[in-house]
A.B. asks: 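Let me give you the structure first, and then I'll get to my questions.
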Protein chains: 2
Amino acid sequence: MKKDIEQRLKNKNINPTAMRLLVLDFLTQQNAAISLNDLEKGMEPSDRITLYRTLKTFEEKGLVHHIDDGTGTTKYALCLEECDGDHHHDLHVHFYCTSCKETFCLPNTKIPEISLPKKFRPEEMNLVIKGICDHCSPD
Amino acid sequence: MKKDIEQRLKNKNINPTAMRLLVLDFLTQQNAAISLNDLEKGMEPSDRITLYRTLKTFEEKGLVHHIDDGTGTTKYALCLEECDGDHHHDLHVHFYCTSCKETFCLPNTKIPEISLPKKFRPEEMNLVIKGICDHCSPD
DNA sequence: CTAACATTGCAATAGCATTGCATCATTATT
DNA sequence: AATAATGATGCAATGCTATTGCAATGTTAG
């Protein structure tokens, strides 16, 4: 188990320290994107800034991506696709549930092609949908 | 001229004070979405908080919408469509230019239909595309 | 004219993101 | 094995944006 996680770090060229193993382990257990605060609370006692930098390192190496879901606090989630530092391929949709306040990645829901006005050159896209998630939705 | 602006406020049920006329006038002169800071600098000397509240009032009444373009600072732009406080119909795409750092509304570029996984109920959508805008794009 | 209400301006605060620096750990070098 | 060099961690401190409380001012209605 631990080996998997360690290997995963190495694959991304990230030095597998104890802290990083713990953080990555914690991240894999989440089914929603989490904030720095969530991470801090879930990993007590740990230094907030170290966690912050750990996430930043992970992001630079293409292991996690951050999500700006419009709530004002940045959320982080593991990349499913093969990303590297230069190119995050997280072109999937993110969903923010206004009921349970959770933010989810919808990795199978891709952003459709969009035809922009002339001479606009897209490089990155970020689509956040707000609404009610499957858990909070009545049958 | 001034009359137009005044009428526009009245149409949205906003008390047309001197400050509000000035702010709306300033907003109509912009071709990009602006931050609170931009507004403050463009309207000196004016109180930042008053401007903040003016924007908030405008938004509640459906005159402007705010854009979270991922830069960390909220931008504001006039609504083109017929919005009211309850329903902002700003389902157009927003474009953030990484070159000139400006954020634009693309009112004619609508967000396409997206099929979500079962039981996810969308209510709002926010699509921000980052890249190079028409002005910064080489011919 | 005065009371009631809306708007404005100042002061203060909260929360998240971020940096500087000192300490500790790990790896490379001789 | 000892030491230098590099990387990781933890603490303190800061910056910036958003936001609220309250007092002062302006505006409207009776």
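Residue numbers begin at 1 in each chain, while the letters A, B, ... track the order of the sequences. These values consider heavy atoms only, across backbone and side chains, with no hydrogens, waters or symmetry-generated copies.
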A.B. asks: Quickly work out the B:H66 NE2 to D:dT17 C1' distance and round it to whole Å.
C.D. replies: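 Distance check: B:H66 NE2 to D:dT17 C1' gives 13 Å.
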A.B. asks: What's the closest nucleotide to the side chain of B:I49 if the choices are C:dC10, C:dA17, C:dT8?
C.D. replies: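 Output: C:dC10.
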A.B. asks: Categorize A:T74 for me: base, sugar-phosphate, or nothing, with a 4.0 angstrom heavy-atom threshold over every strand shown.
C.D. replies: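 Sugar-phosphate contact only - A:T74 comes under 4.0 Å of backbone atoms but never of a base.
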A.B. asks: Please report the C-alpha distance between A:E60 and A:K56 in whole Å, then the side-chain angles of each, then the deciding distance to 0.1 Å, and finally whether the salt bridge (Lys or Arg N to Asp or Glu O under 4.0 Å) criterion is met.
C.D. replies: CA-CA 6 Å; A:E60 277 163 14; A:K56 218 170 172 187; 5.6 Å; no
A.B. asks: Check every strand shown and say whether A:R20 touches a base, only sugar-phosphate, or nothing at a heavy-atom separation below 4.0 Å.
C.D. replies: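 Touches sugar-phosphate only.
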A.B. asks: I need the CG-P distance between A:L55 and D:dA8, as an integer number of Å.
C.D. replies: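 To the nearest whole Å, that distance equals 15 Å.
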A.B. asks: Round to a whole Å and report the spacing from CD of A:E60 to P of D:dA8.
C.D. replies: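 Rounded to whole Å, this separation is 11 Å.
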A.B. asks: If you look at every strand shown and take non-hydrogen atoms under 4.0 Å, does B:T50 touch a base, only sugar-phosphate, or nothing?
C.D. replies: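 B:T50: base contact, heavy atoms under 4.0 Å.
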A.B. asks: When you match A:T73 and B:D47 each to their closest nucleotide on DNA chain C, which lands nearer the 5' end?
C.D. replies: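 The 5'-side residue here is B:D47.
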A.B. asks: Where the side chain of A:N15 is concerned, which of D:dG7, C:dT8, D:dT20 is the nearest nucleotide?
C.D. replies: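 Per side-chain heavy atoms of A:N15, the pick is D:dG7.
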A.B. asks: Enter the distance from A:Y52:OH to A:L36:CG here, rounded to the nearest 0.5 Å.
C.D. replies: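 Rounded to the nearest 0.5 Å, the OH-CG separation comes to 8.5 Å.
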A.B. asks: Starting at atom CG of A:N13, determine the distance to atom C1' of D:dA8, rounded to an integer number of angstrom.
C.D. replies: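 Nearest whole value for this atom pair: 16 Å.
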A.B. asks: For D:dA8, does either OP1 or OP2 sit under 4.0 Å from a side-chain N or O belonging to A:T54?
C.D. replies: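 No, A:T54 has no side-chain N/O under 4.0 Å of OP1/OP2 on D:dA8.
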A.B. asks: Measure from the side-chain heavy atoms of B:Y52 and tell me the nearest of D:dA18, D:dT17, D:dG10.
C.D. replies: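 Minimum distance to the B:Y52 side chain belongs to D:dA18.
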A.B. asks: Would you kindly give the CD1-to-P distance between B:I67 and D:dT17, to the nearest whole Å?
C.D. replies: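 After rounding, the gap between these two atoms is 17 Å.
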A.B. asks: To the nearest Å, how far apart are A:K41 NZ and C:dG15 C1'?
C.D. replies: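 Checked: the NZ to C1' distance equals 12 Å.
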A.B. asks: For the pair made of CG in A:L9 and C1' in C:dT26, what is the distance, rounded to whole Å?
C.D. replies: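 Answer to the nearest Å: 16 Å.
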A.B. asks: What I want to check is whether an N or O donor and acceptor connect the side chain of A:R53 with the base of D:dG10 at under 3.5 Å.
C.D. replies: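 Donor-acceptor pair under 3.5 Å: yes.
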A.B. asks: Return no unless some side-chain N or O of B:K56 is found under 4.0 Å from OP1 or OP2 of D:dT20.
C.D. replies: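 Yes, such a contact exists.
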A.B. asks: Mapping B:G72 and A:M19 onto DNA chain D by nearest heavy atom, which one lands closer to the 5' end?
C.D. replies: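 Counting from the 5' end, the first nearest nucleotide belongs to A:M19.
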A.B. asks: So among A:H65, A:K130, A:K75, which one has a side chain to side chain donor-acceptor pair (under 3.5 Å) with A:H94?
C.D. replies: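 With A:H94 as partner, side chain to side chain donor-acceptor pair (under 3.5 Å) holds for just one option, A:H65.
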A.B. asks: Working note: B:S137 + B:D134, criterion side chain to side chain donor-acceptor pair (under 3.5 Å); need CA distance, chi angles, decisive distance, verdict.
C.D. replies: CA-CA 5 Å; B:S137 195; B:D134 53 350; over 6 Å; no
A.B. asks: Please report the distance, rounded to the nearest Å, between CZ in B:F58 and C1' in C:dT8.
C.D. replies: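 After rounding, the reported distance stands at 14 Å.
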A.B. asks: Give a yes or no on whether B:E124 atom CD has more than 12 heavy-atom contacts from other residues, nucleotides or ligands under 6.0 Å away.
C.D. replies: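 For B:E124, atom CD is not crowded (no more than 12 foreign heavy atoms under 6.0 Å).
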